[in-house]
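Naming convention: chains lettered A, B, ... in sequence-line order (proteins, then strands); numbering from 1 in each chain.
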Number of protein chains: 2
Amino acid sequence: MAIVAEEVKAPGGRRERILRSTIEVIRERGFAGTRVSDIAERAGTSQGLVLYHFGSLAEALSASLTLLEDEFYTELDQELGLAEGPIDRLWHMAELAAGYGPAVGDWRLWLELWARAMHDDNARQARESLDRRWRASLLTVIVDGVASGDFVVADPTRASLRLAALMDGLAIQLALEDPGMTRATFTDLWWEAAVLELQISDPKRHRPPRKRARNRA
Amino acid sequence: MAIVAEEVKAPGGRRERILRSTIEVIRERGFAGTRVSDIAERAGTSQGLVLYHFGSLAEALSASLTLLEDEFYTELDQELGLAEGPIDRLWHMAELAAGYGPAVGDWRLWLELWARAMHDDNARQARESLDRRWRASLLTVIVDGVASGDFVVADPTRASLRLAALMDGLAIQLALEDPGMTRATFTDLWWEAAVLELQISDPKRHRPPRKRARNRA
DNA sequence: CGATAAACTGAATGACCATTCAGATGCCGT
DNA sequence: ACGGCATCTGAATGGTCATTCAGTTTATCG
């Protein structure tokens, strides 16, 4: 378990390494189960250093949320940059949400964040801005699609609310490993709803198979 | 804060009173934040008694989940018993989910349960059977509606999956008090999706206004 | 080169909590 | 009235952490 090889020069140095470890630990053990010693061990440092950098466990957790936000935004922008028309963009978002990527589709972390948001103010704000951003992107895609004639919707805001909520709901099953819910069914079910909701007409070019299928352990 | 008046004869005695207090505390402080002393204080007893009855905090939490399941089932059955046709039943489920009732629409508790299900096996099982039950009811209503001609659906299972997921997703906003998400918008958005998904044609009798609006503090 | 500061460590320290326990109190059948 | 049993209490007990700290190593810069 004690790999010490590539740790020497992670970009960003020890501090960022600790934050990344923190996120990993939260994902595995939850906010509640995350101890300073877990973070230190995962990062290959001492407990003292974690506190030296962040002052307290609470601060470390909070800072890791900020890092998470950054990665989320980066991933979203990058992926949307690749897509061409509204339909393609929508499809990319579906795949991001289905978990083909490091941050956006990391639903275990989202469930944790939702629960924590009820009791911790940092978490509340983090999840709020992440959610806002996500839904704004979705809305933009829909509005663009309406403008370009790809979609037909009476009320884009309502449509985006619903499609976003549907993702969250499906994601719960995904995160909890409900039998019968896979990434494939996720996109499948969601896309069908989107087609219905947005009256996507053009049947060509729907659901291209995914190229890569990378995901973290 | 120390009210001691009506505690004397809660039906079911001290033991059940402790379980109910446990659920309340979980709702307010989360699983992680729930201490034996919180439960005891809330129930108006000593810490010792909590442990006397349940042996450990973990057991108390677990037992409270069982009570929660019972209440959920009771509430669901009772409410569905009141309804007449498939459309009416569907509407009742929407209202239950929107939080007009003590157990089913208690979404803060659900968020907690989802998060805990990732790390605790009792929670995992509890949420799984609750979820299964809920979705089975929804599926039944849909199938009945198809049989009676009220609904037109190609694949009832997929429809029920989607409609259930949509509820969960909307519920997150509700639980986290997202500005712009109320019980009314919840039913509104969901019902519109249901109408679309199930091709509900009969426009009369849709969305009767709610009679009572009771809810716990 | 020093030397000053930053980064880092590991061993205390102390707070917080679940759990234990020795005993009180009420209850019930006889 | 009394023995025995379940219920109940409040004060220990002990373990598990976050946090502190005295001191060591490493980087930086004149």
Side-chain angles (χ1 to χ4, degrees), chain A residues 2 4 6-26 28-65 67 112 116 119-123, chain B residues 1-26 28-65 112 116 119-123:
Chain A
V4 212
E6 82 302 6
E7 98 186 359
V8 191
K9 265 300 133 185
R14 279 295 238 293
R15 195 190 151 91
E16 185 172 330
R17 171 168 245 268
I18 289 174
L19 287 179
R20 288 192 195 288
S21 303
T22 304
I23 294 180
E24 285 174 32
V25 175
I26 293 171
E28 287 166 23
R29 322 191 33 128
F31 276 98
T34 298
R35 286 161 294 162
V36 176
S37 63
D38 295 322
I39 298 173
E41 187 181 3
R42 175 66 62 111
T45 68
S46 65
Q47 295 188 218
L49 190 64
V50 175
L51 277 302
Y52 169 77
H53 276 303
F54 300 100
S56 72
L57 173 59
E59 280 296 314
L61 295 175
S62 173
S64 77
L65 287 183
L67 177 60
E112 288 293 338
R116 183 145 238 250
H119 308 107
D120 172 84
D121 206 56
N122 279 306
Chain B
M1 275 300 159
I3 298 128
V4 213
E6 82 301 11
E7 95 185 6
V8 189
K9 267 297 136 190
R14 278 298 236 292
R15 194 189 151 93
E16 184 171 335
R17 171 169 244 268
I18 290 174
L19 287 179
R20 288 191 196 288
S21 303
T22 304
I23 293 180
E24 284 174 31
V25 176
I26 293 171
E28 285 166 24
R29 329 203 11 141
F31 276 99
T34 298
R35 287 161 293 162
V36 175
S37 62
D38 296 321
I39 298 172
E41 188 181 2
R42 176 66 63 110
T45 68
S46 65
Q47 295 188 219
L49 191 63
V50 176
L51 278 304
Y52 168 77
H53 276 304
F54 301 100
S56 73
L57 173 59
E59 280 298 313
L61 295 175
S62 174
S64 77
L65 287 183
E112 287 293 338
R116 182 144 241 250
H119 308 107
D120 171 85
D121 207 55
N122 279 306

Taken to the nearest whole Å, CZ/A:Phe54 to C1'/C:dC8 is 14 Å
Out of C:dC8, D:dT9, C:dA18, minimum distance to the side chain of B:Ser46 belongs to D:dT9
Interatomic distance, CG@A:Asn122 vs CG@A:Leu65, rounded to 0.5 Å, equals 7.0 Å
Notebook entry, point to check: Does B:Arg20 pair with B:Glu24 as a salt bridge, N-O distance under 4.0 Å?
Noted result: no
request  = Check whether any side-chain N or O of A:Arg14 sits under 4.0 Å from OP1 or OP2 of C:dT9, and answer yes or no.
outcome  = yes
Practice item. Would you please confirm or rule out a distance under 4.0 Å between OP1 or OP2 of D:dA6 and any side-chain N or O of B:His53? Key: no
With the side chain defined as heavy atoms from C-beta on, A:Leu57 is closest, among D:dA18, C:dT19, C:dT9, to D:dA18
A:Glu41 atom CD is separated from C:dT9 atom P, nearest whole Å, by 14 Å
Taken to the nearest whole Å, CG/A:Leu49 to P/D:dG23 is 20 Å
The residue among A:Thr34, A:Leu67, A:Leu61 that forms side chain to side chain contact (heavy atoms under 4.5 Å, CB included) with A:Ile23 is A:Leu67
message: Looking at A:Glu59 and A:Phe54, would you say the former's side chain and the latter's main chain have a donor-acceptor pair under 3.5 Å?
response: no
Atom CD1 of A:Ile18 and atom P of C:dA7 are separated, to the nearest Å, by 11 Å
B:Ile39 atom CD1 is separated from C:dT19 atom C1', nearest whole Å, by 14 Å
Ignoring backbone atoms, test whether B:Tyr52 places a side-chain nitrogen or oxygen under 4.0 Å from the OP1 or OP2 oxygen of D:dT7. yes
Side-chain atoms of A:Gln47 come closest, of D:dA18, C:dA18, C:dT9, to D:dA18
Atom CZ of B:Arg35 and atom P of C:dC17 are separated, to the nearest Å, by 4 Å
